[in-house]
Structures are given as structure tokens and as C-alpha cells.
Amino acid sequence: MGTAPDRRPRRADRELPGQQVMLDGFYIDQFAFPNEEGAIPVTNVSREEAAALCKEQGKRLCSELEWERACKGPDNRTYEYGETYREETCRTGRPAQLRPSGYHVGCQSDFGVRDMHGGPFEWTASDYGRGKKKGEVALRGGNSRSGEVLGRCANAEPESPKKRSGTIGFRCCAGPENTASVELSMVHRAGLIPRVKFEPEIEKSLIAALPEEARKTLEGAGTLKRQRVWL
């Protein structure tokens, strides 16, 4: 679970360091609730309301590690579709949009679980457990402009369980709940120091050192220049 320290991208304050976690077998819905191909996923529900809707079907909310396992598939992949990020497969790298379930045909894990990214975030039954304020819970999946980072199976986001949003939905699991959880203690070093002076030649050299694809993408949003400099 999580991402090994020598792999990139990785969010060290949000993910286990690629360690083995034993989970018992469980069932997970193929699609987000209502688990019907062609249906629009249900959103705008709190976590408690999502859990109640699962319970009505004799199911439960998935734990975040069950969700991650279902996403990574039997070969423990970084993304549900493989090791290399492909924006078009799940239409990641943009704000979350509601699409009919099954719309992105290739967006599925080798366990057959579909649309885990590219659409709404999904509630889990797990507390966030990463040194944040108490009461936050873990969201999985979803979409944002940072698609290469957020679109990974290991990524998690904190949220208040009372939040209702058009970009938060859920899917259900069944079987005895796996109690394994993510627990990370945060140790922060001294903060960054703002730097007042920054030589123009250094700015030019840093921009010139960018990979061509990255530079073109950034320049497409306007003039590329420094905004803040820190040590």
C-alpha cells in the first residue's frame, strides 16, 4: 500500500511507504453508486448518508485500503490502467465532472472495477489518520488538474464527513470489513525562508532547463516567470 520512497510521484505525508498490508477478501461495486452502467453517480450526500444508502442494499462503505487494493489490481499498479500516466484514459487532469458510469471504457483496474478516477471523489469508511485535525475522513479517487498525482491509486484527500458536494460520491463494498488503516505521524522541520533577491540569469537558466513539453504547457497559460522564491 502507498508508494515506495524511491518512486515518483509520491506524497510522503499522505501515503504508506509501499508496505505490505494483509487484507481479507471483500466485494466492491463495479461502479460508483447506484452501481449501474450508464447511470449518473449519486453525489451531494454526507458520508453518513452514503453509508446508509449502502446499508439499504446489504452493503457498506469501503475502507480506503480496500479501495486502493481494488484500484491497483493483482499486479499492484500505480494507476488502475498501468504504471504510466495517461490523461485520456480516465480524463484526469481537469476538474471533476459527472459522466454516465462506464463512459470512459478503458478506465478500469484488472479486477474490473471502473471509473475510480476522472469523476467524483468517493467517501470511504476510514478516518484520515495522517496527523491532520481530528474528525476528517479519507476521500479516494476523483479528479483535479494535478492528474498525474491525484490519479494514482494511492492518493487520498482529507474531508469533513458532513460535507455535501456535487464532486463527492461513493461506492459500496460487502463482506467483513478490513480494519487495516493508514496511520502516519507528521514531523515538520523548520519552515522555508523567503528570498528577496533572485538573479535574472538564474531565472532564465531554470526556465531553459525545463523539459520542452512542460515549458510549452506552462507557456500556454501565459508568460512564464517566477512569483515566489524560497530557501
Side-chain angles (χ1 to χ4, degrees), residues 23-82 85-126 137-145 147 150-157 159-178:
L23 298 179
D24 291 330
F26 60 94
Y27 297 95
I28 185 169
D29 283 350
Q30 186 175 22
F31 299 105
F33 190 90
N35 192 32
E36 297 176 10
E37 187 166 11
I40 300 294
V42 170
T43 58
N44 278 308
V45 293
S46 68
R47 187 176 74 160
E48 183 178 359
E49 292 165 339
L53 288 168
C54 287
K55 188 175 181 179
E56 287 178 3
Q57 297 190 347
K59 303 177 184 178
R60 57 177 175 78
L61 282 180
C62 309
S63 75
E64 65 167 317
L65 293 183
E66 289 173 333
W67 195 102
E68 182 175 331
R69 173 65 175 148
C71 181
K72 286 183 171 180
D75 294 327
N76 198 40
R77 291 175 167 177
T78 301
Y79 304 93
E80 52 259 63
Y81 47 79
Y85 176 61
R86 300 196 304 268
E87 181 178 298
E88 69 281 359
T89 303
C90 295
R91 297 295 191 273
T92 45
R94 63 203 75 188
Q97 293 182 327
L98 287 177
R99 302 275 190 185
S101 292
Y103 183 83
H104 305 309
V105 177
C107 186
Q108 62 178 304
S109 77
D110 284 347
F111 285 137
V113 189
R114 300 179 63 178
D115 298 343
M116 301 187 84
H117 289 96
F121 292 89
E122 298 185 9
W123 289 118
T124 72
S126 303
V137 298
L139 293 176
R140 289 293 185 133
N143 205 352
S144 81
R145 297 197 182 279
L150 185 134
R152 297 169 308 120
C153 295
N155 191 70
E157 302 291 333
E159 188 54 84
S160 165
K162 297 181 180 179
K163 175 102 178 253
R164 293 183 180 89
S165 169
T167 60
I168 302 177
F170 64 101
R171 77 178 67 214
C172 304
C173 281
E177 182 176 359
N178 283 281

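These numbers come from the heavy atoms of this one structure, side chains and all, not from hydrogens, waters or symmetry mates.
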Problem set entry | Under 2.5 Å between SG of C90 and C107 | yes
Problem set entry | Within 6.0 angstrom of E37 CD, more than 12 heavy atoms from elsewhere | yes
Problem set entry | Side-chain (W67) to main-chain (G141) donor-acceptor, under 3.5 angstrom | no
Problem set entry | Spacing of CD1 belonging to I28 relative to OG belonging to S109, to within rounding of 0.5 Å | 8.0 Å
Problem set entry | Check: R47 side chain, A51 main-chain N or O, donor-acceptor pair, under 3.5 Å | no
For this session: For the residue pair F33 and T43, establish whether any side-chain heavy-atom pair is separated by less than 4.5 Å.
Result: no
Problem set entry | Rounded distance [0.5 Å steps], CD in E68 versus CG in L23 | 9.5 Å
Exercise. Roughly how far, to the nearest 0.5 Å, is NZ of K59 from CG of N35?
Worked result: 5.0 Å
Exercise. With the threshold set at 4.0 Å, does a side-chain nitrogen-carboxylate oxygen contact exist between E80 and K72?
Worked result: no
Exercise. At their closest point, which heavy atom of A50 faces which heavy atom of L61, and how far apart are they?
Worked result: CB-CD2, 4.2 Å
Exercise. What are the two closest non-hydrogen atoms of P34 and V42, and how far apart are they?
Worked result: CD-CG2, 4.1 Å
Exercise. Looking at E157, E64, E122, which hits salt bridge (charged side-chain N to carboxylate O under 4.0 Å, His left out) with R140?
Worked result: E64
For this session: Check step by step if salt bridge (Lys or Arg N to Asp or Glu O under 4.0 Å) holds for E49 and R164.
Result: CA-CA 10 Å; E49 292 165 339; R164 293 183 180 89; 2.7 Å; yes
For this session: Using a strict 4.0 Å threshold on nitrogen-to-oxygen distance, state whether R60 and E66 make a salt bridge.
Result: yes
Exercise. Checking salt bridge (Lys or Arg N to Asp or Glu O under 4.0 Å) for the pair R171/D115: CA distance, chi angles, key distance, verdict?
Worked result: CA-CA 11 Å; R171 77 178 67 214; D115 298 343; over 6 Å; no
Problem set entry | Beyond-backbone contact of V45 with K163, side-chain heavy atoms, under 4.5 angstrom | no
Exercise. So do the side chains of P120 and I168 get within less than 4.5 Å of each other, counting heavy atoms only?
Worked result: no
Exercise. Does D24 offer a backbone N or O that forms a donor-acceptor pair with the side chain of N178 under 3.5 Å?
Worked result: yes
Problem set entry | Pairwise distance CD(E159) to OG(S165) - rounded to 0.5 angstrom | 7.5 Å
Problem set entry | Inter-residue atom distance C153.SG - Y81.OH, 0.5 Å rounding | 9.0 Å
Exercise. Which atom pair, heavy atoms only, marks the closest approach of F111 to R69?
Worked result: CE1-O, 3.5 Å
Seminar exercise, completed: Heavy-atom nearest pair, A138 first then T124, reads O-OG1, 2.7 Å
Exercise. Taking the SG atom of each, are C54 and C173 under 2.5 Å apart?
Worked result: no
Exercise. If only atom types and distance count, is the side chain of S63 paired as donor or acceptor with the main-chain N or O of A125 below 3.5 Å?
Worked result: no
Exercise. To the nearest 0.5 Å, what is the distance between CG (N76) and CG (D110)?
Worked result: 11.5 Å
Exercise. Going by the angle between their ring planes, with limits at 30° and 60°, are Y79 and Y85 parallel, tilted or perpendicular?
Worked result: tilted
Donor-acceptor contacts under 3.5 Å from residues 94-103 side chains, at least two apart:
| from | atom 1 | to | atom 2 | distance (Å) |
| --- | --- | --- | --- | --- |
| R94 | NE | R91 | O | 3.3 |
| R94 | NE | T92 | O | 3.4 |
| R94 | NH2 | E87 | OE2 | 3.2 |
| Q97 | OE1 | R99 | NH2 | 3.0 |
| S101 | OG | A39 | O | 3.3 |

Problem set entry | R114 to H104 - nearest heavy-atom pair and separation | NH2-O, 4.3 Å
